[in-house]
Amino acid sequence: TWANLGLQDSASPLMEQLIFFHDHALLILVMITVLVGYLMFMLFFNNYINRFLLHGQLIEMIWTILPAIILLFIAFPSLRLLYLLDEINEPSVTLKSIGHQWYWSYEYSDFNNVEFDSYMIPTNEISNDGFRLLDVDNRIVLPMNSQIRILVTAADVIHSWTIPALGVKVDGTPGRLNQTNFF
């Protein structure tokens with residue numbers, strides 16, 4: 001919905017993992033922010049001086065090692081998620097998307113001569129239940145509960161092919177073929 005602070009509902013297992021990682025990293029960042037904010041707030045109202053804290057190797061070791069451990073708590077789930085997103089399973093359908101200046105061309109590689117162009121519907125022709133600047137005249141049709149491979153390229157300039165609910169975002173670059181998959 002509009003003005004929502006969270007991510008939209010997931011439509012794939014990979015997007016669920018992305019949302020879990022987002023929540024995990026956000027929790028760590030909130031804990032760090034609260035701790036640092038509390039310490040800064042207490043420094044404003046604290047007049048105590050400890051002569052042993054001026055040269056303390058123990059405290060320097062703690063504030064060097066503790067952030068490294070916190071970074072590991074973020075890095076390991078992130079690396080796991082990167083490998084999950086890049087894993088290519090046996091696809092049921094392969095779709096080739098070619099970005100043009102004002103439209104996309106799609107080709108179903110598994111079938112003979114199934115290709116079409118998808119143009120954006122102008123604002124003055126859109127119906128009341130349509131989405132402005134998002135609706136097209138020919139939508140792609142893909143099967144549910146299937147592994148799908150997307151090959152993305154561009155004919156003229158860099159384009160971005162994305163479906164946020166599936167956790168898929170691929171850049172189409174002229175002269176380069178990018179590949180991703182989703183379930």
Side-chain angles (χ1 to χ4, degrees), residues 1-30 32-33 74 77-183:
T1 60
W2 299 109
N4 192 2
L5 292 178
L7 300 170
Q8 61 178 271
D9 293 337
S10 68
S12 73
L14 289 177
M15 187 60 192
E16 291 221 0
Q17 292 296 318
L18 284 168
I19 291 172
F20 290 153
F21 175 70
H22 170 268
D23 295 343
H24 171 75
L26 190 66
L27 180 68
I28 292 174
L29 290 175
V30 165
I32 291 172
T33 304
I74 296 174
S78 173
L79 288 174
R80 177 186 159 273
L81 190 57
L82 279 174
Y83 283 113
L84 278 176
L85 289 171
D86 206 28
E87 182 180 332
I88 302 290
N89 297 325
E90 188 65 32
S92 306
V93 177
T94 299
L95 176 71
K96 184 177 179 186
S97 302
I98 304 167
H100 298 278
Q101 187 79 29
W102 294 104
Y103 64 98
W104 286 90
S105 296
Y106 295 105
E107 301 173 10
Y108 289 92
S109 310
D110 301 330
F111 309 103
N112 292 333
N113 293 335
V114 179
E115 56 185 61
F116 59 93
D117 294 335
S118 181
Y119 292 93
M120 183 174 54
I121 297 176
T123 305
N124 58 353
E125 296 177 14
I126 201 161
S127 62
N128 287 337
D129 59 345
F131 292 104
R132 183 179 164 269
L133 300 177
L134 290 176
D135 267 343
V136 294
D137 56 356
N138 291 321
R139 297 180 180 179
I140 60 169
V141 178
L142 297 171
M144 285 183 58
N145 298 328
S146 304
Q147 196 69 33
I148 298 168
R149 175 174 53 184
I150 303 287
L151 304 173
V152 180
T153 188
D156 43 24
V157 295
I158 298 174
H159 297 277
S160 183
W161 194 93
T162 181
I163 302 178
L166 294 176
V168 176
K169 184 170 181 143
V170 184
D171 288 333
T173 308
R176 182 179 176 136
L177 193 64
N178 289 330
Q179 171 180 298
T180 190
N181 67 333
F182 58 86
F183 183 77

So does [X] have more than 12 non-hydrogen atoms from other groups sitting under 6.0 Å from [atom1]?
{"X": "E90", "atom1": "CD", "answer": "no"}
{"X": "I158", "atom1": "CD1", "answer": "no"}
{"X": "N124", "atom1": "CG", "answer": "yes"}
{"X": "D86", "atom1": "CG", "answer": "no"}

Please report the closest heavy-atom contact between [X] and [Y], naming both atoms and the distance.
{"X": "Q101", "Y": "D156", "value": "N-OD2, 2.7 Å"}
{"X": "F131", "Y": "D135", "value": "N-OD2, 3.0 Å"}
{"X": "L84", "Y": "L14", "value": "O-CD2, 3.9 Å"}
{"X": "F183", "Y": "L166", "value": "O-CD2, 4.2 Å"}
{"X": "G167", "Y": "M15", "value": "CA-SD, 3.5 Å"}
{"X": "I121", "Y": "D137", "value": "CG1-N, 3.9 Å"}

Donor-acceptor contact present, side-chain [X] to main-chain [Y], <3.5 Å:
{"X": "S78", "Y": "I74", "answer": "no"}
{"X": "T180", "Y": "I150", "answer": "no"}
{"X": "T162", "Y": "S160", "answer": "no"}
{"X": "T153", "Y": "R176", "answer": "yes"}

Side chain to side chain donor-acceptor pair (under 3.5 Å) evaluation trace for D171 with T173
CA-CA 6 Å; D171 288 333; T173 308; 5.9 Å; no
Residue pair [X] / [Y], side-chain heavy-atom distance below 4.5 Å:
{"X": "I140", "Y": "L142", "result": "yes"}
{"X": "V93", "Y": "P143", "result": "yes"}
{"X": "S97", "Y": "W104", "result": "yes"}
{"X": "W161", "Y": "V168", "result": "yes"}
{"X": "E107", "Y": "L95", "result": "no"}

Take Q179 and R149, measure what side-chain contact (heavy atoms from CB on, under 4.5 Å) needs, and give me the verdict at the end.
CA-CA 7 Å; Q179 171 180 298; R149 175 174 53 184; 3.5 Å; yes
Run the numbers on Y108 and V141 for side-chain contact (heavy atoms from CB on, under 4.5 Å), then give the verdict.
CA-CA 10 Å; Y108 289 92; V141 178; 4.2 Å; yes
Between [atom1] on residue [X] and [atom2] on residue [Y], distance to nearest 0.5 Å:
{"X": "N181", "Y": "T94", "atom1": "CG", "atom2": "OG1", "answer": "10.0 Å"}
{"X": "S12", "Y": "Q147", "atom1": "OG", "atom2": "CD", "answer": "9.5 Å"}
{"X": "S10", "Y": "I19", "atom1": "OG", "atom2": "CD1", "answer": "4.5 Å"}
{"X": "Y103", "Y": "Y119", "atom1": "OH", "atom2": "OH", "answer": "4.5 Å"}
{"X": "W102", "Y": "H159", "atom1": "CH2", "atom2": "NE2", "answer": "10.0 Å"}
{"X": "D110", "Y": "S92", "atom1": "CG", "atom2": "OG", "answer": "9.0 Å"}

Please evaluate residues D117 and S105 with respect to the criterion side chain to side chain donor-acceptor pair (under 3.5 Å), reporting the C-alpha separation (whole Å), side-chain torsions for both, the decisive distance (0.1 Å), and the verdict.
CA-CA 4 Å; D117 294 335; S105 296; 2.7 Å; yes
Ring geometry between H24 and F21 (parallel below 30°, tilted from 30 to 60°, perpendicular above 60°):
tilted
Step by step, work out the side-chain contact (heavy atoms from CB on, under 4.5 Å) result for R132 and L134.
CA-CA 5 Å; R132 183 179 164 269; L134 290 176; over 6 Å; no
Do Q17 and R80 pass the side-chain contact (heavy atoms from CB on, under 4.5 Å) test, and can you show the C-alpha distance, the side-chain angles, and the key distance before you say yes or no?
CA-CA 10 Å; Q17 292 296 318; R80 177 186 159 273; 3.3 Å; yes
